[in-house]
Amino acid sequence: MVLQRQVLGLGARRALILSHHGRLCRPWLRGPVIPVVSVAAAQVSSAAVISMVAPHTPTPAGAPVSAPSVEFSERFRIPSVLEQFRQNRQKVCREFLGGGLLYLEAGEAPPRNGSDVMHRHRSDSYFVYTTGVELPGYAAVLDPENGNFTLLAPRLPEEAAYWVGAVPTLEQLQETYGADRVCYTDELKGLLAARDSPTLHVLPATANKLAGKVPAGCRVLTDLLPATLDRCRAVKSDAEVGCLLAASLASGAAHMDMWRACRPGLREYQLEAVFSLSSRCRGAPSPGYPPIVGSGPNAAIMHYEAADGVVEPGHLVLVDAGAEWRCYTADISRTFPASGRFEGAARDLYGTVLAAQHAALDTLAAPSPAGTSNGASLQDADRAARVVLLEGLREMGLVRSEAGGSSWLEAALEVKLDRVFMPHGIGHHLGLDVHDVSEAGPVPRGPVQAGHVLTVEPGAYLIPPLLARAMTDLRIAPFVDFDAAEALIRSGMGGVRIEDNVLVLSEPPPGVKAAGLQGRLYNLTVAAGVVKEMAGVEEVMRQEWRPEAAMMY
């Protein structure tokens, strides 16, 4: 999903609680039911996750093997919730040097409408990272000096039992999440009062909520915790990569089910429904972000969510969608022809974007120079993709090279001609958030590091407002054949995006061959069997869509 700089805040309300039996139940007086796949709480090998998904994603003839080698993928075994998030807490405790206690909250489900209709709850990502708890109204206190973890649960009335089912006891919560102690959220003040002049480190959004909840004399600081958590979350553990691979397997299978189901005359929301059915049945019950399903001209809208257009013959359909597995999300974009074959300008534009992605991946996959640990940056990959993109657009007749003479490419980059056709960056961090965090923000600066999981998502679009602006820019206008662009827009052309999720390795694994391995990159999307070469996409589209294959899960 392309990065939009502005982030909108949401209010919060309690929506759901988890019964002891592992199902998400009716909320306390509000909210919908959400199914949860029980396997997510247990220890799972990557091979087991592959076996759950791969049988339902037939590999097209001539395409790469659809699943990573079991031997290599075993590195990314997914431990139990208790063990995975204990490892995360230990990492945070090692990194945090400020003294005092750390306090985090899960948050509440935001209201949808009326007094008792809520959106589905999704716990705050920082809270999930340190606890693994996906329930509303919970909180946690962590002592970095000794690693002590106290889980705070909301105190619910007795009547909750016949509205939501059995409410887990404090002892059951302690066993499930590995807390050293579990008590109720209304006991926070007493816990802190037992300490001498306590200091509480919180996230900025939490500080204003603590009035009356902490004792007098308790210092509440917001300057240290965010950077520590961002630094920890930027470099993924093998267990986190395992969750991302599981999300990619479910999401990738859902993408290819959409291709199989596609036919002219459908509405975009019908294709979106196929993705939801397929990914949820495969163990990824929630989208990591609102899916983007844009057919024809709607593919030129970066964050298009209306999904009410008609899929027309000759359209390219752009889908940017990913589902969560244990709150870690995939972020996959694919573009496919509504009629089942890439032809004419659609074939040329798709081939241009695919070549641009290969250039970006090749740049990131290259080994570090001898004697250094510094490899390429995401900015290096971005430039490599833009060079290939402009060359391809020139071959299509959309870009004129005469305006810049022999050094037209450098001149075009200088005036940012590429931004007319690709207004977004090449990628961002990925993890518990689709635009995940680091100390530098969602986009890494400088050489990428081992443990980074990044998206690589070039695109090329015909965006009328950007073309109109370019027409009035005396520096850019000579480079663009506006008549050719207008002709493609009239034909229903919108754009193409191809997006993979990659793990940066410290070095290429010696002697290991597995789908998705490319130099110092492990491409989780390719490992999950999501094809992108045109022949492979067309082959999948010729296959019959069998919804029961997902529903038998």
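Summarising the geometry, atom CG belonging to L225 is positioned 11.5 Å from atom CG belonging to L101; distances are rounded to the nearest 0.5 Å. In this structure, the separation between CG on L454 and NZ on K236 is 8.5 Å, given to the nearest 0.5 Å. The line from CD of E105 to NZ of K209 is 5.5 Å long, rounded to the nearest 0.5 Å. Separating the CG atom in L354 from the CD atom in Q357 is a distance of 6.5 Å, to the nearest 0.5 Å. Between the OG1 atom of T130 and the CG atom of L102 there is a distance of 8.5 Å, given to the nearest 0.5 Å. Note that CG of L430 is 12.0 Å distant from CE of M1, once rounded to the nearest 0.5 Å.
Residues C183 and L170 come closest through the heavy atom pair CA-CD1, 4.1 Å. Closest approach of E439 to A227, counting heavy atoms only: CG-O, 3.8 Å. Heavy atoms only, all atoms of each residue included: V531 and V537 are closest at CG2-N, 3.9 Å. Residues A284 and A323 come closest through the heavy atom pair CB-CB, 3.5 Å. The nearest pair of heavy atoms linking T329 to G288 is OG1-CA, 3.3 Å. Minimum heavy-atom separation, Y350 to T335: CE1-O, 3.2 Å.
At a threshold of 4.5 Å between non-hydrogen side-chain atoms, the residues Q518 and V502 do not count as touching. Within the 4.5 Å cutoff, no side-chain heavy atoms of T131 are placed close to those of L104. In this structure, the side chains of P291 and D320 stay at 4.5 Å or more apart for every pair of heavy atoms. Between F127 and Y138 the shortest side-chain heavy-atom distance falls below 4.5 Å. You'll find the side chain of H428 stays beyond 4.5 Å of the side chain of D436, heavy atoms only. Side-chain contact check for L364 versus L378: some heavy-atom pair is nearer than 4.5 Å. Residues L151 and Q174 are not in side-chain contact: their nearest non-hydrogen atoms beyond the backbone lie 4.5 Å or more apart. Within the 4.5 Å cutoff, no side-chain heavy atoms of I426 are placed close to those of R383.
Dense packing is recorded around CZ of R542, with more than 12 heavy atoms of other residues, nucleotides or ligands lying under 6.0 Å away. Annotation: E95, atom CD; neighbour count of heavy atoms from other residues, nucleotides and ligands within 6.0 Å is above 12. The environment of Q87 atom CD is dense: over 12 non-hydrogen atoms of other residues, nucleotides or ligands sit within 6.0 angstrom.
K91 places a side-chain N or O within 3.5 Å of a backbone atom of C232 that can act as its donor or acceptor partner. A donor-acceptor distance shorter than 3.5 angstrom exists from the side chain of H201 to the backbone of G99, with no hydrogens or angles considered. A donor-acceptor pair under 3.5 Å is absent between the side-chain atoms of E83 and the main chain of S80, judged by distance alone. Of the possible polar contacts, none joining the Y103 side chain to the A140 backbone as a donor-acceptor pair under 3.5 Å is found. Under a 3.5 Å cut-off, the side chain of H303 and the backbone N or O of V2 do form a donor-acceptor pair. The backbone N or O of N501 sits less than 3.5 Å from a side-chain atom of T525, completing a donor-acceptor pair. Using modelled atom types, one side-chain atom of R334 and one backbone atom of E499 make a donor-acceptor pair closer than 3.5 Å. Side-chain N or O atoms of Q379 include one that pairs as donor or acceptor with a backbone N or O of P444 at under 3.5 Å. Y177 places no side-chain N or O within 3.5 Å of a backbone atom of G132 that could act as its donor or acceptor partner. At distances below 3.5 Å, at least one donor-acceptor pair connects side-chain atoms of R280 with backbone N or O atoms of P285.
Using a cut-off of 4.0 Å between Lys/Arg side-chain N and Asp/Glu carboxylate O, R89 and D180 are scored as not salt-bridged.
Neither side chain, H121 nor E134, offers a donor N or O lying under 3.5 Å from an acceptor on the other. Side-chain polar atoms of D331 and T455 form no donor-acceptor pair below 3.5 angstrom. Between the side chains of Y126 and D230, at least one donor-acceptor pair of N or O atoms lies under 3.5 Å.
Between H429 and H452, the ring planes lie perpendicular to each other; the angle is over 60°, past the 30° to 60° tilted range. By the 30° and 60° cut-offs, the orientation of the rings of Y522 relative to F76 is parallel.
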Hey, mind stepping through S333 and V319 against side chain to side chain contact (heavy atoms under 4.5 Å, CB included) and telling me if it holds?
CA-CA 6 Å; S333 295; V319 177; over 6 Å; no

Go through it in stages, so that I can follow the logic: the residues are I78 and Y328, the test is side chain to side chain contact (heavy atoms under 4.5 Å, CB included), and I'd like the CA-CA distance, side-chain angles, deciding distance and then a yes or no.
CA-CA 12 Å; I78 304 170; Y328 287 83; over 6 Å; no

Quick one, V274 with R260, criterion side chain to side chain contact (heavy atoms under 4.5 Å, CB included). Give me CA distance, side-chain angles, the key distance, then yes/no.
CA-CA 10 Å; V274 173; R260 298 181 182 103; over 6 Å; no

Could you go step by step and tell me if L524 and V241 meet the side chain to side chain contact (heavy atoms under 4.5 Å, CB included) rule?
CA-CA 9 Å; L524 304 180; V241 174; 4.1 Å; yes

